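Since the structure comes first, as structure tokens, the remarks are kept for the end.
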There are 2 protein chains.
Amino acid sequence: MKKITIGEAARQSGVKVPTIRYYEGIGLLRTPGRSEGNQRAYEQSDLDRLTFIRHARELGFEIEAIRTLLSLQDNPLQPCASADAIAKARLVEVKQRIRSLTALKAELEMMVEDCGHGRVDQCRVIEVLADHGQCTHHGH
Amino acid sequence: MKKITIGEAARQSGVKVPTIRYYEGIGLLRTPGRSEGNQRAYEQSDLDRLTFIRHARELGFEIEAIRTLLSLQDNPLQPCASADAIAKARLVEVKQRIRSLTALKAELEMMVEDCGHGRVDQCRVIEVLADHGQCTHHGH
DNA sequence: TCTTGCACCTCTAGTCGCTAGAGGATGTAG
DNA sequence: CTACATCCTCTAGCGACTAGAGGTGCAAGA
């Protein structure tokens, strides 16, 4: 009932095979046991860990942050202030990124709307890029 | 009145010195003339180009897209449909990225708000990461 | 004139988080 | 037994820079 191959682990966790090997290489995932024929043999706990990692990556956490989060998960009696701090920092990043992207969106929309689809020398897209002074949003 | 050094170009364009040399290396910027002592000597047109590039990079355009936009700028009599298409594609990307980040933001906020700042084994942050089923947003 | 110290030069290697490919071994179904 | 998928290791590549080593040029003060 054990003996999960790397391919099966990939399917169940949603993490690609080479990425699993990569995570092992950087020490994010333990070195699994091997079968007779030298193939990696995973257990359920490895799948859980992989799912944790994948989810954290989807939320944009960096590998080093995930390393910390995983070590916290391994020590459940510790205070969770670190986990909280990491998540909060990520939230700040995300909020900032949304703000900045929203400004870019406005600027791009202007560029695209004003483009009369004529020749390049009347093109609003090129013109705005060439002259930053025309931007409405100067935050970037 | 010419003879702009690379440092001065960096100051005026907002592009860092090594980045300017990098742009030259990948052919985004022309090879500038050299002074007696083999130092790069830029002209105003190079500064304009650098500013164009910096602005486009700030808007998130990839180097290859910028290469195309620059070549369009160099041929002002061509139709501007390509420039328009590049900007539109970027706009779609940005909109999608905002959507996805907004979902992440909601999820992170939940995690952070629900964290009672107790021990890791009651920590909502770790818990949600470990169990994707608890997410409200399943788009990611 | 000398020297200090910054700015410039080239070149290579590192960053992050994978991804692709070569070249070979193993496992499974028909 | 023979395909064929899957596994193995290893190296190199991606984008867009950034850092560092080791050396040259240049302007200004003592």
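Lettering follows sequence order; numbering is per chain, from 1. Keep in mind that the numbers below use all heavy atoms, side chains included, and drop hydrogens, waters and symmetry copies. Small disclaimer: the values here were computed from a predicted structure and weren't measured.
- A donor-acceptor pair under 3.5 Å is formed between the side chain of A:Asp46 and the backbone N or O of A:Glu43.
- Considering only heavy atoms from C-beta on, B:His55 comes within 4.5 Å of A:Glu107 through its side chain.
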Stepwise side-chain contact (heavy atoms from CB on, under 4.5 Å) test for A:Phe52 and A:Leu69:
CA-CA 9 Å; A:Phe52 186 104; A:Leu69 290 170; 4.0 Å; yes

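- Between B:Arg21 and C:dT10, a side-chain N or O to OP1/OP2 separation shorter than 4.0 Å is absent.
- Atoms CD (A:Glu62) and P (C:dC18) sit 11 Å apart, rounded to a whole Å.
- The distance between atom CD1 of B:Ile20 and atom C1' of D:dA16, rounded to the nearest whole Å, is 15 Å.
- When rounded to the nearest whole Å, the span between CD of A:Gln39 and C1' of C:dT26 equals 6 Å.
- Summarising the geometry, the separation between CG on B:Asn38 and P on D:dG23 is reported as 17 Å, rounded to the nearest angstrom.
- Residue B:Arg40 places at least one side-chain N or O under 4.0 Å from the OP1 or OP2 atom of C:dT10.
- Taking a 4.0 Å limit (strictly below) on heavy-atom distances, residues 22-34 of chain A reaches DNA chain D at A:Arg34.
- Comparing A:Gly37 and B:Arg57 by the nucleotide of DNA chain D whose heavy atom lies nearest to each, the residue mapping closer to the 5' end is A:Gly37.
- Classification of A:Arg54 and A:Glu58 as a salt-bridged pair holds, one side-chain N sitting under 4.0 Å from a carboxylate O.
- In this structure, the side chain of A:Asn75 engages the main chain of A:Ser71 through a donor-acceptor pair within 3.5 Å.
- A close approach under 4.0 Å does occur between a side-chain nitrogen or oxygen of B:Thr19 and OP1 or OP2 of D:dT18.
- B:Ile6 places its CD1 atom 13 Å from the P atom of C:dA7, with the value rounded to the nearest Å.
- At C:dT26, none of the side-chain N or O atoms of A:Ser35 fall inside 4.0 Å of OP1 or OP2 (strictly under the cut-off).
- One interatomic measurement links the two molecules: CD1 of A:Ile66 to P of C:dG17, which rounds to 8 Å at whole-angstrom precision.
- Shown are B:Arg49, B:Arg40, B:Arg30; of these, the salt bridge (Lys or Arg N to Asp or Glu O under 4.0 Å) with B:Glu24 is made only by B:Arg40.
- In this structure, the CG atom of B:Leu50 is 15 Å from the C1' atom of D:dA16, given to the nearest Å.
- Protein atom NZ of A:Lys16 is 4 Å distant from nucleotide atom P of C:dT19, rounded to whole Å.
- Side-chain atoms of A:Arg90 come within 3.5 Å of backbone N or O of A:Leu59 as a donor-acceptor pair.
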